[in-house]
Each structure stands twice: as structure tokens, then as C-alpha cells.
Amino acid sequence: MKLHHTLAALLLLIVTGCAPSAPFNHEFATGHYASDIEQCAPYARKVSGIKLYGDAAGWWQASRSHYERGNRPVVGSVLVLKRTHRMHSGHVAVVKRIVNSRQINVTHSNWGDSSSTRHIIYDSMRVEDVSPANDWSQVRFWNDAKGVMGFPYEAYGFIYP
């Protein structure tokens, strides 16, 4: 009976798109599904080496006396998004590649509005600066489900390792 439940759970994960380590490679997003949700802050800490704790939006204030900060992306820096009514803890993502002055690729986790998308570790996802001053204070992340750049989010800036 135990084997039956295990197989049923695995089938459910596969059907819902949450199969452990199932990779994908789309136009502006590559990644893999994880069996457990990995919160964005611990993931960013692990990938960037920046030793900050607490919720993602709190990283900006916490970094003030420990790390340099700015409004230009640098590979390895952490992009910090502000809290919103939809993102109560904000969000952090690590810069993986500079595409041009208005586009970067990031790696991050726990992004999306469904159970299946929250299980994704994005190895690379396109982010674009849509701020009027080109200062990365307003950004849009690639929405893989819809195949477009998503909703604009307010950002504090980048924390440099």
C-alpha cells in the first residue's frame, strides 16, 4: 500500500508540473522543478554569498552597513524588490548575466502565483528595467506562462557581494 501512495504522489507531481528536477529551457527562462519550495531569500544567500537574513524586502535596509548598494546590475549582485500587496515579503534575485543596459538574466526561486510555479528554481530568467530614468527602480520579470514580460515591480536596487 505504501508503494501505491508513493507512486500516486509522484504521478501527481509530474501531472502538476512539479516533478523533482524536471528541467525546461524556454525563450527567456530556464530552470527545473524542485519537490520542495525553496524561499527566495535562502536561495539568494546560497547563490550570491551575501549573508543577510529575514524577509527579502528587509535585505535592503539590513545591507546598509555591511554591503555596497547601487542602481546598476553587476553579475553576482542581488536585486531587491519592494513589498507589494501580492508580495508581502518582497523578493530577491541574483544577477546571472548582463544582456544590455536595460536587460539582465537572474537566477531565483519561489516566483509565481501558483503552486507549480513556486516549485521552480529559475536558473536564468530575463528581467528588464522599465524605469523612466533607467535606474532599475521599476522592473518586469519574464512571465513564462504567458510568453511576455510581466507586471512591473518597484525595486530598491542591487546589493553587491
Side-chain angles (χ1 to χ4, degrees), residues 20-21 23-114 116-161:
S21 298
F24 63 90
N25 187 358
H26 301 155
E27 184 178 9
F28 294 122
T30 63
H32 60 278
Y33 294 94
S35 56
D36 294 321
I37 294 174
E38 185 164 1
Q39 298 298 320
C40 66
Y43 179 77
R45 185 172 41 254
K46 178 173 62 178
V47 171
S48 70
I50 291 176
K51 301 296 181 201
L52 294 172
Y53 296 87
D55 65 17
W59 278 36
W60 189 252
Q61 181 64 25
S63 69
R64 191 165 81 173
S65 60
H66 302 287
Y67 295 94
E68 290 186 42
R69 305 180 305 178
N71 64 350
R72 293 285 168 237
V74 171
V75 172
S77 64
V78 175
L79 172 62
V80 183
L81 300 186
K82 295 181 179 183
R83 288 177 171 81
T84 70
H85 70 282
R86 292 175 57 205
M87 290 189 317
H88 303 288
S89 298
H91 188 72
V92 287
V94 180
V95 177
K96 187 165 186 169
R97 182 170 79 92
I98 311 296
V99 176
N100 58 46
S101 66
R102 305 269 308 197
Q103 295 183 324
I104 59 176
N105 286 357
V106 299
T107 180
H108 64 138
S109 64
N110 195 23
W111 182 256
D113 57 5
S114 70
S116 62
T117 59
R118 292 194 179 278
H119 281 266
I120 296 173
I121 305 289
Y122 288 99
D123 300 315
S124 183
M125 178 183 274
R126 184 65 49 91
V127 177
E128 71 178 358
D129 171 26
V130 293
S131 62
N134 190 22
D135 64 2
W136 292 86
S137 61
Q138 189 174 47
V139 297
R140 296 189 316 167
F141 284 65
W142 177 252
N143 183 323
D144 203 47
K146 296 180 181 175
V148 298
M149 295 307 285
F151 181 82
Y153 291 95
E154 299 294 320
Y156 287 109
F158 298 90
I159 301 171
Y160 306 118

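Given the structure is predicted, the values throughout are model-derived calculations rather than measurements.
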May I ask you to decide if [Y]'s main-chain N or O and [X]'s side chain share a donor-acceptor pair within less than 3.5 Å?
X    : Y    : value
T107 : Y122 : yes
S63  : H66  : no
R69  : Y160 : no
S77  : P73  : no
H119 : S35  : yes

What's the separation between atom OG in S89 and atom CD in Q39, rounded to the nearest 0.5 Å? 8.0 Å
Rounded distance [0.5 Å steps], CH2 in W142 versus CE in M125: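 If we round to the nearest 0.5 Å, W142:CH2 and M125:CE are 9.5 Å apart.
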Is the charged tip of R118 near the ring of W111: under 6.0 Å from the six-membered ring centre and within 45° of its axis? no
Taking only Lys NZ, Arg NE, NH1 and NH2, and the carboxylate oxygens of Asp or Glu, determine whether E128 and R102 approach each other closer than 4.0 Å. no
Does R83 come within less than 4.0 Å of D55, counting only side-chain N to carboxylate O?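 Yes.
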Please examine the side chains of [Y] and [X], heavy atoms only from C-beta on, and report whether any two atoms are closer than 4.5 Å.
X    : Y    : answer
D123 : K96  : yes
M87  : Y153 : yes
V127 : V139 : yes
R126 : V99  : yes

So, applying ring pair (Phe, Tyr, Trp, His ring centres under 6.0 Å) with F158, which one of W59, W136, Y67 is it? W136
Distance flag, aromatic centroids of Y33 and F24, threshold under 6.0 Å: yes
Answer with yes or no after comparing the ring centroid distance for H108 and F141 against a 6.0 Å cut-off, counting only values under it.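 So the answer is yes for these two rings.
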Would you say N105 and S124 are linked by a side-chain donor-acceptor pair, where the criterion is simply a distance under 3.5 Å? yes
Verify the distance criterion only: is there a donor paired with an acceptor across the side chains of S137 and Y156 at less than 3.5 Å?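 Side-chain D/A pair, S137 to Y156: absent.
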